[in-house]
K.L.:
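To start, I am sharing the structure in question, which I have written as structure tokens.
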Amino acid sequence: MSSPLLPDAPAEKSAPTHFVREMILEDLKTNRFGGRVHTRFPPEPNGYLHIGHAKSICLNFGLAAEFGGKCNLRFDDTNPCKEELEYVESIIRDVRWLGFDWEDRLFYASDYFDQLYEWAVQLIQAGKAFVCDLSAEEVRAYRGTLTEPGRNSPYRDRAIEENLDLFGRMKAGEFPDGARTLRAKVDMASPNLNLRDPVMYRILHAEHHRTGDKWCIYPMYDFAHGQSDSIEGITHSICTLEFEDHRPLYDWYLNALGVHHPQQIEFDRLNLTYTVLSKRRLLTLVQTGYVSGWDDPRMPTISGIRRRGYTPRGIRNFCARVGVSKTNGTIELSLLEHAIREDLNRTAPRVMAVLRPLRVVIENYPEGQVEEMEAVNNPEDPAAGTRLVPFSRVIYIERDDFREDPPKQYYRLAPGREVRLRYAYFIRCVSVVKDEATGEVLELRCTYDPATRGGNSPPDGRKVKSTIHWVSAAHAADAEVRLYDTLFTREDPGAEEGREFTSDLNPNSLEVLQGCKLEPALAGAAAGSRYQFERLGYFCADPDSTPGKPVFNRTVALRDTWAKIEKSLKESR
RNA sequence: UGGGAGGUCGUCUAACGGUAAGACCGCAGACUCUGGAUCUGCUUAUCGGGGUUCGAGUCCCUGCCUCCCAGCCA
């Protein structure tokens, strides 16, 4: 039994069932694998995990948990040229962070190199594999095309003894890279190109991150994956749609070897609007410096969205909601944002922060006086309690919460108008101080009503249409706040004919705000701590924060009804 | 023009021959010391054409469209 979810793991939202679960249920019913369910998540350590991998992780670990089975973490490290220890470490960190546990079952395909080699020898002895001297270009030429069959390699009928000798010498390092390959004898006329005598081993004089220089021949994915599954006793080998064509080969190797034979099942990989999710493209973004690294908060990588402030539970719930099928579709980014808001709404402490400060002097408030106002920490969670927030004569409010000439349906502050300061007082704007030269609003002069202390309605029953947030100027903590927009301007980056995906990059995906004003308690916010800045959105303290200077990332904005109204107002004009 | 897999609201997913459902998005309203959250209502879909059937999204035939495959990548 495994406990795939860490102790803090919550119950997931119940999601509709799907075909993979149905297949497992059927196998359980027929006792196909002795009632066992054993899956695995098999990343290649050649890049960082992203939100698409999260779907696969949740599926594999989730199914195992559901049926009281196990799920392994296995690195598919058969290509030393692309793989690195840094990636292995990041993947381990990310899967764990998502809330899953593989106990003692951390494996590597490279653990099986000796066994794989023996199996290759076995296939040679059975007359089912041969050493081929064709070059890469020649192999391609012999392979045929989509519509024409291929031709047999001239080396296909080599004697078994010669094959054995040559393969041994390949392993011994007698030949340079690319000089020969070991190929399976399947069928050069198969309409499935994967079956046209696929390469099993290639010569690569490259250092492997785990086996060092022990090997100079490495198995191909197809010759390693199924057997690795078999060795681990996997029952259901879940992979993405593009491997559908490989299943016949997966089955062929396992049958030829006569070993435990898992069921490969293919499902649709995740696609997200305004996002790229291919390792090649993500690598490009990192290497060309379009982003600051794999963990740039604009990246769809697990490490990126973690830094951005996304929660494991929010991501898991998202994965449950997107479903599993064989339809190649694209999920709207809004669904991800919804899942994150849903979780953060329940868990994030509320706090007041002013991003674009406008100074307000409350003329009738006693100079030098400070009051501690009681504020609710989380209206969704009474147990979160309350806190005290200092209030004084000079405060900051959001520039956007004041309009000199308010449009219709705008009911925040304006000359002569009254609003509520959350948890504090009603204030009325009595005058506006402007820069004579530029016309810029420098400061507001207001009056407050002492009868509204705590933000309560006054005895006369007077109402205000709006409540705004504020921070006491003398007590505020200064902060840097980073606002993010989508990394791309198009839903489907790079989809347009002849256009590089990088030309769809959003030049405004990052906006850095300095001089933001926070409630004093946030001065020393720990990196990774999440808050809701009231009326603005969810924010997460960045590791760049220093003791005197917190840095916050906006995880996701709150739903903004006024912004919508304003937008439609502008459009209808 | 070979093979494989798909096609249900704008998006994703359900309906297992018997009233096409849910979520997200959008729109409208209620409520509110967050224009947040919550609640209510509304709009919108079975790729086309034939057939079988009392009854078809589902079964059959036939078109059309989309995705994947010609790495010694995974």
Side-chain angles (χ1 to χ4, degrees), chain A residues 13 15-18 22 42-44 46 76-79 81-83 132 134-136 139-141 143-150 177-183 190-196 198-204 218 220-222 224-225 239-248 266 268 273 279-280 321-339 341-342 345-346 350 352 375-376 379-380 409-412 420-424 426 452 454-457 464-469 491 532-537 557-565:
Chain A
K13 279 246 153 137
T17 190
H18 51 73
E22 295 300 317
E44 182 190 14
N46 67 342
D76 236 328
D77 54 350
T78 55
N79 185 351
C81 306
K82 294 185 176 178
E83 296 151 8
C132 181
L134 255 24
S135 69
V139 168
R140 192 180 310 130
R143 186 157 33 225
T145 68
L146 291 177
T147 53
E148 304 157 41
D177 288 2
R180 295 176 217 266
T181 56
L182 182 71
R183 296 223 262 160
S190 172
N192 181 345
L193 300 246
N194 294 120
L195 262 19
R196 318 247 259 228
V199 172
M200 294 162 60
Y201 269 91
R202 74 290 214 185
I203 300 172
L204 247 30
Y218 292 92
M220 296 288 290
Y221 164 86
D222 285 304
H225 198 91
C239 60
T240 44
L241 254 25
E242 68 270 26
F243 291 101
E244 218 147 15
D245 282 344
H246 293 245
R247 179 155 32 97
E266 311 84 15
D268 59 332
T273 56
K279 283 192 184 172
R280 194 204 109 235
R321 279 171 182 257
V322 300
V324 179
S325 74
K326 294 181 77 99
T327 319
N328 223 325
T330 303
I331 305 292
E332 288 179 348
L333 190 60
S334 60
L335 184 62
L336 211 210
E337 295 183 334
H338 171 80
R341 284 197 194 99
E342 184 180 51
N345 176 49
R346 296 204 317 262
R350 270 57 168 177
M352 290 194 284
V376 174
E380 305 293 322
Q409 292 180 76
Y410 181 92
Y411 38 85
R412 275 114 92 152
R420 171 189 290 112
L421 293 178
R422 184 122 158 112
Y423 302 125
F426 283 17
T452 58
N456 295 311
S457 293
V464 286
K465 275 184 156 173
S466 185
T467 298
I468 66 174
H469 59 276
E491 276 194 14
Q532 183 197 101
F533 289 0
E534 293 218 28
R535 303 206 303 133
L536 298 174
L558 248 25
R559 283 185 62 223
D560 190 344
T561 307
W562 164 246
K564 273 182 201 167
I565 295 171

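These numbers were taken from a predicted model, which means no experiment stands behind them. Every chain is numbered from 1, with letters handed out A, B, ... down the list of sequences.
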K.L.:
So, is A:R535 close to the B:rG35 phosphate, meaning a side-chain N or O under 4.0 Å from OP1 or OP2?
P.N.:
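For B:rG35, OP1/OP2 do have a side-chain N/O of A:R535 under 4.0 Å.
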
K.L.:
Keeping A:E83 on the side-chain end and A:N79 on the backbone end, is there a donor-acceptor pair under 3.5 Å?
P.N.:
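Looks like yes, one N/O pair under 3.5 Å.
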
K.L.:
Looking at every strand, decide which applies to A:Y410 at a 4.0 Å heavy-atom threshold: base, sugar-phosphate, or nothing.
P.N.:
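A:Y410: base contact, heavy atoms under 4.0 Å.
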
K.L.:
Under 4.0 Å between any heavy atoms, over every strand shown, what does A:S334 touch: base, sugar-phosphate, or nothing? Just pick one.
P.N.:
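Here A:S334 touches the backbone only, sparing every base.
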
K.L.:
Base of B:rU13, side chain of A:R321 - is there a donor-acceptor contact under 3.5 Å?
P.N.:
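Answer no: no donor N or O sits under 3.5 Å from an acceptor.
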
K.L.:
What is the separation between atom OH on A:Y218 and atom P on B:rC72, rounded to the nearest whole Å?
P.N.:
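Atom-to-atom, A:Y218 to B:rC72, this comes out as 18 Å.
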
K.L.:
Could you tell me whether B:rG71 is syn or anti, where syn means a glycosidic angle within 90 degrees of zero?
P.N.:
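Base orientation relative to the sugar is syn.
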
K.L.:
Counting heavy atoms from C-beta on, name the nucleotide in B:rU34, B:rA70, B:rC25 closest to the side chain of A:T467.
P.N.:
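So the side chain of A:T467 is nearest to B:rU34.
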
K.L.:
Using a cut-off of less than 4.0 Å, is there contact between a side-chain N or O of A:R143 and OP1 or OP2 of B:rC72?
P.N.:
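So the side-chain polar atoms of A:R143 do come within 4.0 Å of the phosphate oxygens OP1 or OP2 of B:rC72, strictly under.
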
K.L.:
Paired with B:rA56 by Watson-Crick or G-U wobble geometry, both distances under 3.5 Å: which nucleotide is it?
P.N.:
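By the stated definition (distances under 3.5 Å), nothing pairs with B:rA56.
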
K.L.:
With A:T181, which of A:I203, A:V199, A:L134 fulfils side-chain contact (heavy atoms from CB on, under 4.5 Å)?
P.N.:
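Filter result, single survivor: A:V199.
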
K.L.:
Measure from CG on A:L536 to C1' on B:rU34 and round the result to the nearest Å.
P.N.:
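Whole-Å distance recorded here is 9 Å.
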
K.L.:
Taking the side chain of A:L146 as its heavy atoms from C-beta onward, which of B:rG2, B:rU34, B:rG35 lies nearest to it?
P.N.:
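Of all the options, the side chain of A:L146 is nearest to B:rG2.
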
K.L.:
Taking any heavy-atom pair under 4.0 Å as a contact, classify A:L134: base, sugar-phosphate, or nothing.
P.N.:
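Base, at least one base atom sits under 4.0 Å.
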
K.L.:
For A:G329, which contact category applies under a 4.0 Å heavy-atom criterion: base, sugar-phosphate, or nothing?
P.N.:
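If one applies the 4.0 Å heavy-atom cut-off, A:G329 turns out to touch the sugar-phosphate alone, with no base involved.
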
K.L.:
Need to verify one output field. Residue with the more 5' nearest nucleotide on RNA chain B, A:R180 or A:E332?
P.N.:
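The 5'-side residue here is A:E332.
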
K.L.:
Take atom C1' in B:rC47 and the same atom in B:rU66, then report the distance between them in whole Å.
P.N.:
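About 11 Å, rounded to a whole number of Å.
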
K.L.:
Is any NZ, NE, NH1 or NH2 atom of the basic residue among A:K279 and A:E44 found under 4.0 Å from an Asp or Glu carboxylate oxygen of the other?
P.N.:
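Here A:K279 does not pair with A:E44 in a salt bridge, since their nearest N and O are not under 4.0 Å apart.
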
K.L.:
Both distances below 3.5 Å, Watson-Crick or wobble geometry, any strand: find the nucleotide opposite B:rC27.
P.N.:
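Its partner is B:rG41.
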
K.L.:
Main chain of A:N192, side chain of A:D245: is a donor-acceptor contact present, judged purely on distance under 3.5 Å?
P.N.:
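Not confirmed, A:D245 side chain does not pair with A:N192 backbone.
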
K.L.:
Counting the atoms with a prime plus P, OP1 and OP2 as sugar-phosphate, which does A:R183 contact under 4.0 Å by heavy atoms, base, sugar-phosphate, or nothing?
P.N.:
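No contact.
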
K.L.:
Can you find a donor-acceptor pair, distance only, under 3.5 Å between A:E148 side chain and B:rG2 base?
P.N.:
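In this structure, the two groups form no donor-acceptor pair.
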
K.L.:
Report the nucleotide, chosen from B:rC73, B:rC69, B:rC72, that has the shortest atom-to-atom distance to any side-chain atom of A:L193.
P.N.:
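Comparing B:rC73, B:rC69, B:rC72 against the side chain of A:L193, the answer is B:rC69.
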
K.L.:
With heavy atoms under 4.0 Å as the rule, sort A:R140 into base, sugar-phosphate or nothing.
P.N.:
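If one applies the 4.0 Å heavy-atom cut-off, A:R140 turns out to touch the sugar-phosphate alone, with no base involved.
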
K.L.:
Reckon A:I331 touches a base, only the sugar-phosphate, or nothing at all at heavy-atom distances under 4.0 Å?
P.N.:
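Touches sugar-phosphate only.
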
K.L.:
Can the ring centres of A:Y411 and A:W562 be said to be less than 6.0 Å apart?
P.N.:
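Here the rings of A:W562 and A:Y411 have centres that are no less than 6.0 Å from each other.
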
K.L.:
Are any of the side-chain heavy atoms of A:R350 and A:E380 separated by less than 4.5 Å?
P.N.:
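Counting from C-beta outward, A:R350 and A:E380 do come under 4.5 Å.
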
K.L.:
Please determine if a side-chain N or O atom of A:T78 lies less than 4.0 Å away from the OP1 or OP2 oxygen of B:rA74.
P.N.:
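Checking A:T78 against B:rA74: at least one side-chain N or O falls below 4.0 Å of OP1 or OP2.
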
K.L.:
Closer to the 5' end of RNA chain B via nearest nucleotide, is it A:L558 or A:S325?
P.N.:
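Closest to the 5' end, via its nearest nucleotide, is A:S325.
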
K.L.:
Does any nucleotide pair with B:rC67 by Watson-Crick or G-U wobble geometry, both distances under 3.5 Å, and what is it?
P.N.:
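B:rG4 - that is the nucleotide pairing with B:rC67, both distances being under 3.5 Å.
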
K.L.:
How would you label the contact of A:E44 with the nucleic acid (heavy atoms, under 4.0 Å): base, sugar-phosphate, or nothing?
P.N.:
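Answer is sugar-phosphate: A:E44 comes under 4.0 Å of backbone atoms only.
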
K.L.:
When all nucleic acid strands are considered with a 4.0 Å heavy-atom cut-off, which category describes A:I565: base, sugar-phosphate, or nothing?
P.N.:
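Base: the residue A:I565, judged by heavy atoms under 4.0 Å, touches a nucleobase.
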
K.L.:
Taking only the side-chain nitrogens and oxygens of A:K465, find out if one of them lies under 4.0 Å from OP1 or OP2 of B:rU32.
P.N.:
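For B:rU32, neither OP1 nor OP2 has a side-chain N or O of A:K465 closer than 4.0 Å.
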
K.L.:
Remember a base hit wins even if backbone is also touched, and classify A:P379 as base, sugar-phosphate or nothing at under 4.0 Å, heavy atoms.
P.N.:
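Base: the residue A:P379, judged by heavy atoms under 4.0 Å, touches a nucleobase.
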
K.L.:
Please name the pair of heavy atoms, one in A:T78 and one in A:R202, separated by the smallest distance, quoted to 0.1 Å.
P.N.:
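Answer, listing the atom of A:T78 first, then A:R202: O-NH1, 3.4 Å.
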
K.L.:
Which is true for A:T330 with a 4.0 Å heavy-atom rule: it touches a base, it touches only sugar-phosphate, or it touches nothing?
P.N.:
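Sugar-phosphate contact only.
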
K.L.:
Once you apply the 3.5 Å cut-off to both distances, tell me the Watson-Crick or G-U wobble partner of B:rG48, or none.
P.N.:
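Base partner found: B:rU62.
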
K.L.:
Mind checking if A:R350 touches a base, just sugar-phosphate, or nothing, with heavy atoms under 4.0 Å?
P.N.:
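The answer is base, as A:R350 lies within the cut-off (heavy atoms under 4.0 Å) of a base atom.
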
K.L.:
Taking atom types as they are modelled, is there a donor-acceptor pair under 3.5 Å from the base of B:rG6 to the side chain of A:E244?
P.N.:
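Answer no: no donor N or O sits under 3.5 Å from an acceptor.
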
K.L.:
Can you tell if the side chain of A:H338 reaches within under 4.5 Å of the side chain of A:R321, non-hydrogen atoms only?
P.N.:
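When only atoms from C-beta onward are counted, A:R321 and A:H338 do touch, with a gap below 4.5 Å.
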
K.L.:
Would one find a side-chain N or O of A:H469 under 4.0 angstrom from OP1 or OP2 of B:rU34?
P.N.:
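The answer is no; no side-chain N or O of A:H469 sits under 4.0 Å from OP1 or OP2.
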
K.L.:
Under 4.0 Å, heavy atoms only, any strand: does A:N46 hit a base, just the sugar-phosphate, or nothing?
P.N.:
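Nothing: the residue A:N46, judged by heavy atoms under 4.0 Å, touches no strand.
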
K.L.:
Nearest whole Å is fine: how far is B:rC67 P from A:K326 NZ?
P.N.:
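Taking NZ of A:K326 and P of B:rC67, I get 18 Å after rounding.
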
K.L.:
Could you check how far CG of A:N345 sits from C1' of B:rA37, rounded to whole Å?
P.N.:
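In whole Å, B:rA37 C1' and A:N345 CG are 5 Å from each other.
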
K.L.:
Given the C1' atoms of B:rA74 and B:rU8, what is the spacing between them in whole Å?
P.N.:
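Pairwise C1' distance, B:rA74 against B:rU8, rounds to 33 Å.
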
K.L.:
OP1 or OP2 of B:rC24 less than 4.0 angstrom from a side-chain nitrogen or oxygen of A:R341, does that happen here?
P.N.:
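Result: no.
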
K.L.:
Any donor-acceptor pair, under 3.5 Å, between the side chain of A:D245 and the base of B:rG3, if you only look at N and O atoms?
P.N.:
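Yes.
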
K.L.:
Reckon A:R559 has a side-chain N or O less than 4.0 Å from the OP1 or OP2 of B:rA37?
P.N.:
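So the side-chain polar atoms of A:R559 do come within 4.0 Å of the phosphate oxygens OP1 or OP2 of B:rA37, strictly under.
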
K.L.:
Please report the distance, rounded to the nearest Å, between CD in A:Q409 and C1' in B:rG29.
P.N.:
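Those two atoms, CD and C1', are 14 Å apart.
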
K.L.:
Tell me the partner of B:rC73, counting only Watson-Crick (N1-N3 plus N6-O4 or O6-N4) or G-U wobble (N1-O2 and O6-N3) with both under 3.5 Å; none if nothing fits.
P.N.:
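Base partner found: none.
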
K.L.:
Please measure how far the P atom in B:rA15 lies from the corresponding atom in B:rG22, and state the result in whole Å.
P.N.:
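Their P atoms lie roughly 15 Å apart.
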
K.L.:
What is the distance, to the nearest angstrom, from the OH atom on A:Y201 to the P atom on B:rC72?
P.N.:
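Rounded to the whole Å, the gap is 16 Å.
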
K.L.:
Think A:T327 has a side-chain N or O under 4.0 angstrom from the OP1 or OP2 of B:rC67?
P.N.:
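Checking A:T327 against B:rC67: no side-chain N or O falls below 4.0 Å of OP1 or OP2.
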
K.L.:
Rounded to the nearest Å, what distance is computed from the CG atom of residue A:L195 to the C1' atom of nucleotide B:rA70?
P.N.:
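To the nearest whole Å, that distance equals 14 Å.
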
K.L.:
Starting at atom CG of A:N328, determine the distance to atom C1' of B:rC69, rounded to an integer number of angstrom.
P.N.:
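About 14 Å, once rounded to whole Å.
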
K.L.:
Counting distance only, does the side-chain N/O of A:S325 pair as donor-acceptor with the main-chain N or O of A:T327 below 3.5 Å?
P.N.:
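Yes, A:S325 side chain to A:T327 backbone: donor-acceptor pair under 3.5 Å.
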
K.L.:
Considering every strand and a 4.0 Å limit on heavy-atom distances, what is the contact class for A:Q532: base, sugar-phosphate, or nothing?
P.N.:
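A:Q532: base contact, heavy atoms under 4.0 Å.
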
K.L.:
Would you say B:rA74 has OP1 or OP2 under 4.0 Å from some side-chain N or O of A:R202?
P.N.:
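Yes.
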
K.L.:
If only atom types and distance count, is the side chain of A:T240 paired as donor or acceptor with the main-chain N or O of A:E242 below 3.5 Å?
P.N.:
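Looks like no, no N/O pair under 3.5 Å.
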
